[in-house]
Amino acid sequence: MQNLQNFVNYRLNIQLQQKQKKIQQLIRPEIQDMLAYHVPEASGLIKLDAMENPFCWPEAMQKDWLALLSQVEPNRYPDPSAQEMVLALRKCFKVDSQLGVLLGNGSDELIQLILMAMKAGSRVLAPTPSFVMYQHIAKALGMPFIGVPLADDFELDMPAMLAAIKLHDPAVIFLAYPNNPTANLFKDEDVLSIIEASNGLVVIDEAYQPFAKKTYLHGINDFPNVVVMRTVSKLGLAGLRLGFLVGDQALIAQLDKIRLPYNINVLTQVTARFAFEHIDVLDAQAEEICQQREILLNALNQFAGVQVFNSAANFILFALLNDSAERVFDALKDAGLLIKKMAVTAGLPDNCLRVTVGSSEENQLFIAQLTSILRSE
Ligand SMILES: *Cc1c(COP(=O)(O)O)cnc(C)c1O
């Protein structure tokens, strides 16, 4: 019996080794070295970790939407170019008719499309910390990624940025405007200097535009190497997975060739179009979130041991001066609140946490819990 068990274990071990060998043989080493993008389990928790809009739609609007959905034919392929949705989108966001629009299954997919289209050996540059997907997707595609740490005040470190652009001549530069996780808008003069210094494409990622109000969307006609990326995720439609890239028509047409034909599904097309036609509801929600942000900033600023950074987005970054981010994060989670603990990164102080601005009730609960947690050191 014991011998049989040994034999079975031996066989299992051999099988495992063979599987690992196969993976090593087949999968590119840079992918084997990557960490999977981790999304924490959130069931039963109040989600203040992912910059989602906490509000739902008025009942009448929900009803109209469900009526539209009931007419969808899930047995049919979607319109590959989502024409009706794009018309509504152009109108809603006032996209210049001279500019092209590329659709992505979330702006994550747009980042992937941009990078996939670049020539072999192209390099990708972004300030750090910034949105992790720039680096994650560059790595997955085997493209060298150059991260340039932000200055202490989270502004772009311009001497370092310009030197890195000169040295590495990146094909693509990503600038999140406002930046995630630092929540600030970079200075216009710095953004313009980068655009001028770059031989490659400059992608201005305006995921948080609904809360920042500032945009480059209406000023890019004169800059053929600048594209503006938007998403409906933070505006309140994260579940739809819809992002769009606006830029020079000829450039967008090239990128559109490698977009998978049906990347925007029928439910998303119908729902997004409906939402764009009711943008006043989403705009009002964004306005409420901006007001809540000011209340939350003010409340966080009352804590002596907390350094709060200003925000032009729907989240707030703060650093604990005399406490561990891990302890506070865990204690909040035990109390039913999920926020984000920032990894230790160049360009960021130690012990940083990031909280999404929620509804008034959620924010008050967060502040109440934080008060008792910071008191119980
Ligand atoms: C959340 C976020 C995105 C991703 O948006 P999706 O459209 O949901 O993929 C892109 N850029 C930044 C800076 C973000 O924070």
Side-chain angles (χ1 to χ4, degrees), residues 37-40 42 47-54 82 85 89 93 101-116 124-138 140 145 147 150 154 156 172-186 191 202-212 214-217 227-246 259-260 263-265 268-269 271-272 275-276 282 286 289 293 309 311-317 339-340 342-343 345 347-348 352 354-357:
Y37 183 73
H38 172 68
V39 178
K47 274 186 106 271
L48 296 177
D49 66 323
M51 286 72 119
E52 290 147 321
N53 172 334
M85 186 195 78
L89 181 156
F93 298 105
V101 172
L102 177 73
L103 301 175
N105 191 304
S107 43
D108 289 350
E109 191 184 50
L110 293 168
I111 299 167
Q112 192 181 47
L113 283 172
I114 293 166
L115 295 188
M116 280 195 323
V124 181
L125 184 145
T128 55
S130 190
F131 188 46
V132 289
M133 277 295 155
Y134 309 144
Q135 180 165 13
H136 190 82
I137 294 171
F145 176 86
L150 293 171
F154 298 153
L156 293 163
V172 183
I173 298 174
F174 288 102
L175 296 175
Y177 184 87
N179 189 40
N180 174 6
T182 54
N184 59 316
L185 290 160
F186 299 130
V191 173
V202 178
V203 182
I204 301 179
D205 179 352
E206 297 189 348
Y208 299 98
Q209 184 277 335
F211 316 101
K214 288 194 70 181
T215 178
Y216 279 88
L217 188 61
V227 288
V228 169
M229 190 163 70
R230 291 273 189 92
T231 175
V232 300
S233 294
K234 313 296 159 48
L235 183 60
L237 303 166
L240 294 190
R241 309 307 298 129
L242 178 67
F244 57 99
L245 188 74
V246 179
R259 179 179 68 87
L260 295 176
N263 68 331
I264 312 300
N265 71 68
T268 295
Q269 290 192 22
T271 307
F276 296 152
L282 292 176
I289 291 168
R293 173 183 71 202
F309 302 101
S311 170
N314 65 338
F315 59 90
I316 296 170
L317 181 77
I339 66 166
K340 170 93 174 169
M342 304 311 300
T345 322
L348 212 61
C352 272
R354 189 192 68 193
V355 63
T356 302
V357 179

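Just follow the structure's listing: the first ligand is 1, and inside any ligand the first atom is 1.
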Proximal atoms of ligand 1 relative to Gly106 (non-hydrogen, under 4.0 Å) = 7 (O), 9 (O)
At a 4.0 Å cut-off, with the gap strictly under it, does some heavy atom of Arg241 reach an atom of ligand 1?
-> yes
Select one of side chain, backbone, both or neither to describe which atoms of Glu109 lie under 4.0 Å from any atom of ligand 1, heavy atoms only.
-> neither
Who's closest to atom 3 (C) of ligand 1 heavy-atom-wise, of Phe244, Phe131, Phe174?
-> Phe131
Nearest 0.5 Å, what's the CG-CG distance between Asn53 and Leu282?
-> 7.0 Å
Tell me: protein heavy atom nearest atom 15 (O) of ligand 1, and distance?
-> Tyr208 OH, 2.5 Å
Thr231 N/O under 3.5 Å from ligand 1 N/O | yes
Glu206 meets the side chain to side chain donor-acceptor pair (under 3.5 Å) criterion, sequence neighbours left out, with Thr215, Arg230
For ligand 1, note which part of Ala207 has a heavy atom under 4.0 Å away: side chain, backbone, both or neither.
-> side chain
Report the nearest protein non-hydrogen atom to atom 14 (C) of ligand 1: residue, atom name, distance rounded to 0.1 Å.
-> Lys234 NZ, 3.1 Å
For Asp108, counting its heavy atoms only, list the atoms of ligand 1 lying under 4.0 Å from any of them.
-> 4 (C), 9 (O)
Distance col, row Phe93:CZ vs Phe276:CZ, nearest 0.5 angstrom, shows 4.5 Å
At what distance is the nearest protein heavy atom to atom 12 (C) of ligand 1, and which residue and atom is it?
-> Asp205 OD2, 3.3 Å
Proximity flag Met229 to ligand 1, non-hydrogen atoms under 4.0 Å | no
Looking only at heavy atoms, the pair that brings Leu348 and Ala343 closest together is CD2-O, 4.1 Å
For Ser233, the ligand 1 atoms whose distance to one of its heavy atoms is below 4.0 Å | 6 (P), 7 (O), 8 (O)
Which residue supplies the protein heavy atom nearest to atom 5 (O) of ligand 1, what is that atom called, and how far is it?
-> Ser107 OG, 3.0 Å
Donor-acceptor under 3.5 Å (Asn179 side chain, Pro129 main chain) = yes
So the salt bridge (Lys or Arg N to Asp or Glu O under 4.0 Å) pairs with at least one residue in residues 233-245 (sequence neighbours excluded) are Asp108-Arg241
When every non-hydrogen atom of Leu113 is compared with those of Leu103, the smallest separation belongs to CD1-O, 4.4 Å
Under the ring pair (Phe, Tyr, Trp, His ring centres under 6.0 Å) criterion, do Phe154 and Phe309 qualify, and how do the steps go?
-> CA-CA 9 Å; Phe154 298 153; Phe309 302 101; 4.8 Å; yes
Test applied, ring-ring contact (aromatic ring centres under 6.0 Å, His included); reference residue, Tyr177; option that passes from Tyr216, Phe131, Tyr208 = Tyr216
